[in-house]
2 protein chains.
Amino acid sequence: MASTHAAAPGGDRRRQRRAATKAEILRIAAELMAAEGAGGLSLSAIARRMGIQPPSLYKYFSSRNAVYDALFAEGQRAFSAALREGAEGAPPGLPALEAGVTAGLRWAVEHPPLAQLLFWRPVPGFTPSAESYAPALEAVGRIADLVAGAVHEGHLHPDAATDEGRELLGVLLAGVVTQQLANDPGTAFAEGRFSRHTPAVLRAFRLHYPPPAA
Amino acid sequence: MASTHAAAPGGDRRRQRRAATKAEILRIAAELMAAEGAGGLSLSAIARRMGIQPPSLYKYFSSRNAVYDALFAEGQRAFSAALREGAEGAPPGLPALEAGVTAGLRWAVEHPPLAQLLFWRPVPGFTPSAESYAPALEAVGRIADLVAGAVHEGHLHPDAATDEGRELLGVLLAGVVTQQLANDPGTAFAEGRFSRHTPAVLRAFRLHYPPPAA
DNA sequence: AGCTTTAGCTATGGCTATTAGCCTTAGCTG
DNA sequence: CAGCTAAGGCTAATAGCCATAGCTAAAGCT
């Protein structure tokens with residue numbers, strides 16, 4: 001038994017419990033957003049679900065926007081992870097780019113409330129904090145790296161690795177997510193009226209930046 | 001003088017005044033949305049601006065969502081008109097398609113709050129009514145016609161006029177609007193970090209559906 | 001065992017949308 | 001032109017929201 005508390009310097013039990021509660025709040029928040037839309041999050045509703053009074057939530061998050069901020073950060077991390085994991089399983093170059101991007105899109109379609117938070121500006125008073133935005137830059141950098149990799153492998157024209165190329169790819173990704181979430185929500189990635197065209201979208205990008213004549 | 005009321009059967013003056021007030025409400029609503037984001041519309045704020053009490057607004061709109069609905073309808077009509085007017089000035093076929101689409105995108109970027117209402121789902125409890133949605137279908141049909149025209153002129157592969165082609169084009173348009181409004185708002189269409197790539201986006205679509213070898 | 005911190009509570013304030021009901025007057029109609 | 005109708009404003013009130021202040025009990029660290 002003594003072994004169970006071996007690695008804890010100060011305030012371990014409390015810290016753990018606190019982290020668990022925060023996680024529960026975010027989990028419920030995401031559920032409510034799924035039902036009401038990203039902008040429809042209500043602290044009162046979260047509290048009701050948890051069986052506590054609304055002001056008690058302020059022990060964990062300093063405001064409603066702080067909850068949004070935490071969700072934004074979580075979403076960015078998950079999106080970035082999806083990109084990475086998708087790309088890892090594929091050969092370097094274009095396959096890695098396409099696998100990563102596809103995995104990212106799949107994640108977005110499967111997590112509508114978080115994706116709305118990342119891709120849209122659905123909450124009036126809320127803009128992500130600098131810390132929460134950091135993973136967003138990481139995701140952007142990751143995509144840039146994948147594009148650069150495809151160019152390096154000779155799979156895409158070098159222009160793909162310019163601002164134009166990266167921004168164009170961003171437009172394509174945002175387009176798939178936006179159309180799918182706004183006009184055909186609740187459908188799985190593979191069947192989604194828009195997300196199912198992900199391969200066609202990638203093909204368009206490829207055709208726009210064909211590899212230099214070998 | 002008699003001529004001024006000639007063509008009015010019943011309640012003309014009142015009807016006119018009422019219409020003007022409704023229009024003023026919508027105009028102010030759009031202004032407020034521009035400042036706060038589409039989801040941040042407040043009837044109280046509208047009333048304050050007009051110098052009346054909030055409940056008085058209910059004489060003109062039955063609810064906050066009814067205001068959104070009217071704005072949605074107005075936006076769809078304006079977007080559809082932009083498409084039409086853009087296409088009219090260009091030769092039929094691909095030029096008309098690209099001119100129409102470009103004009104539509106320009107309109108969207110220049111009218112952020114209405115565009116958000118059309119392309120995203122930024123308001124929790126609101127879904128457009130059937131009547132307000134009708135012009136949306138008209139806009140979709142208009143784009144479909146333009147695509148069909150370009151195919152008919154031999155400027156695009158017939159596959160462009162399939163569901164995939166139309167949906168792909170929708171993805172591209174939504175992508176430009178989404179990225180521009182979410183990540184570089186307030187910049188003009190020509191300079192927008194994403195909207196300036198509209199020609200590249202259209203080129204990608206063209207390359208994806210090259211005309212049959214003549 | 002004692003003390004500190006945590007995590008809950010209630011009460012309160014100020015905002016919101018919405019409903020009900022009143023009242024004045026603009027302006028239509030006989 | 002006189003009278004009536006209804007349009008368009010108002011106040012009051014309900015129910016919900018976020019947020020702050022301050023209290024209390026117990027959890028758990030030392």
Side-chain angles (χ1 to χ4, degrees), chain A residues 1-2 4-25 28-29 32-33 35-71 122-126, chain B residues 1-2 4-26 28-29 32-33 35-71 123-126:
Chain A
M1 315 177 162
T4 58
H5 69 296
D12 189 28
R13 178 95 179 227
R14 276 182 176 171
R15 208 186 318 235
Q16 226 173 328
R17 178 140 192 84
R18 186 177 173 78
T21 306
K22 285 182 97 166
E24 188 191 356
I25 291 172
I28 294 180
L32 293 176
M33 280 166 62
E36 294 287 329
L41 185 57
S42 146
L43 294 188
S44 303
I46 297 176
R48 263 193 302 275
R49 273 271 207 111
M50 296 181 68
I52 65 177
Q53 295 298 319
S56 300
L57 290 173
Y58 285 79
K59 300 286 173 172
Y60 301 94
F61 293 96
S62 63
S63 70
R64 179 167 170 266
N65 277 353
V67 176
Y68 276 123
D69 205 53
L71 287 170
V123 185
F126 167 67
Chain B
M1 317 182 162
T4 58
H5 68 297
D12 189 26
R13 177 99 180 222
R14 278 181 176 172
R15 208 185 319 234
Q16 226 172 331
R17 176 135 194 88
R18 187 175 174 80
T21 306
K22 285 183 95 165
E24 188 191 356
I25 291 172
L26 295 181
I28 295 179
L32 293 176
M33 281 167 61
E36 294 287 329
L41 185 58
S42 145
L43 293 188
S44 302
I46 298 177
R48 263 193 302 275
R49 273 270 207 110
M50 297 181 66
I52 64 177
Q53 295 299 318
S56 299
L57 291 173
Y58 285 79
K59 300 284 176 173
Y60 300 94
F61 293 97
S62 64
S63 73
R64 181 166 168 268
N65 278 353
V67 176
Y68 275 122
D69 204 53
L71 288 170
V123 185
F126 167 67

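Chain identifiers are assigned alphabetically (A, B, ...) following the order of the sequence lines, protein sequences preceding nucleic acid strands; residue numbering begins at 1 within each chain. The figures that follow rest on heavy atoms only: side chains count, while hydrogens, waters and symmetry mates do not.
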Response to the item:
In whole angstroms, the gap separating P of D:dC18 from CZ of A:F126 amounts to 16 Å
Nucleotide N/O of nucleotides 17-19 of chain C paired with protein N/O under 3.5 Å:
unit_1: C:dA17; atom_1: OP1; unit_2: B:L43; atom_2: N; d: 2.5
unit_1: C:dA17; atom_1: OP2; unit_2: B:S44; atom_2: N; d: 3.0
unit_1: C:dA17; atom_1: OP2; unit_2: B:S44; atom_2: OG; d: 2.6
unit_1: C:dT18; atom_1: OP2; unit_2: B:Y58; atom_2: OH; d: 2.6
unit_1: C:dT18; atom_1: OP2; unit_2: B:R64; atom_2: N; d: 2.7
unit_1: C:dT18; atom_1: O5'; unit_2: B:Y58; atom_2: OH; d: 2.9

Practice prompt. Nearest 0.5 Å please: distance from the CG atom of B:L32 over to the OG atom of B:S44.
Written response: 11.0 Å
Worksheet, complete the sentence: salt bridge (Lys or Arg N to Asp or Glu O under 4.0 Å) pairs touching residues 58-71 of chain B, sequence neighbours excluded, are none
Discussion item. Test your reading of the model: is there a side-chain donor-acceptor pair from B:Y68 to the backbone of B:A38, 3.5 Å cut-off?
Written reply: yes
Worksheet item: Please give, in whole Å, the distance from C:dT5 P to A:Q16 CD?
Response: 21 Å
Item to complete: Check whether any side-chain N or O of B:T21 sits under 3.5 Å from a backbone N or O of B:R17 as a donor-acceptor pair, and report yes or no.
Response: yes
Worksheet entry | Spacing of A:M50 atom CE relative to C:dC9 atom P, expressed in whole Å | 10 Å
Worksheet entry | N or O in side chain of B:Y60 less than 4.0 angstrom from D:dA7 OP1/OP2 | no
Worksheet entry | d(CD1, A:I46; C1', D:dC18) in whole Å | 12 Å
Discussion item. Side-chain N or O of B:S56 versus OP1/OP2 of D:dC10: is the shortest distance under 4.0 Å?
Written reply: yes
Discussion item. Does D:dG9 have its OP1 or OP2 closer than 4.0 Å to a side-chain nitrogen or oxygen of B:R17?
Written reply: no
Worksheet entry | For B:V67 against B:A29, the heavy-atom pair lying closest together | CG1-CB, 4.2 Å
Discussion item. Between A:L43 and A:Y58, is there a side-chain heavy-atom distance shorter than 4.5 Å?
Written reply: yes
Practice prompt. Would you kindly give the CZ-to-P distance between A:R13 and D:dC29, to the nearest whole Å?
Written response: 7 Å
Please list, for nucleotides 23-26 of chain D, all pairs of protein and nucleotide N/O atoms separated by less than 3.5 Å.
none

Worksheet entry | B:I52 CD1 to D:dT11 P, straight-line distance once rounded to whole Å | 12 Å
Worksheet entry | From CZ (B:R14) to CZ (B:R18), nearest 0.5 Å | 11.0 Å
Practice prompt. Write down the distance between CZ (A:R18) and P (D:dC29), rounded to a whole number of angstrom.
Written response: 15 Å
Worksheet entry | Distance in Å, B:I25 CD1 paired with B:M50 CE, rounded so as to fall on 0.5 Å steps | 4.5 Å
Item to complete: Can you tell me the distance, in whole Å, between the CG atom of A:L32 and the P atom of D:dC17?
Response: 11 Å
Practice prompt. Taking the side chain as every heavy atom from C-beta outward, state whether B:L41 and B:I46 have any pair of such atoms under 4.5 Å apart.
Written response: yes
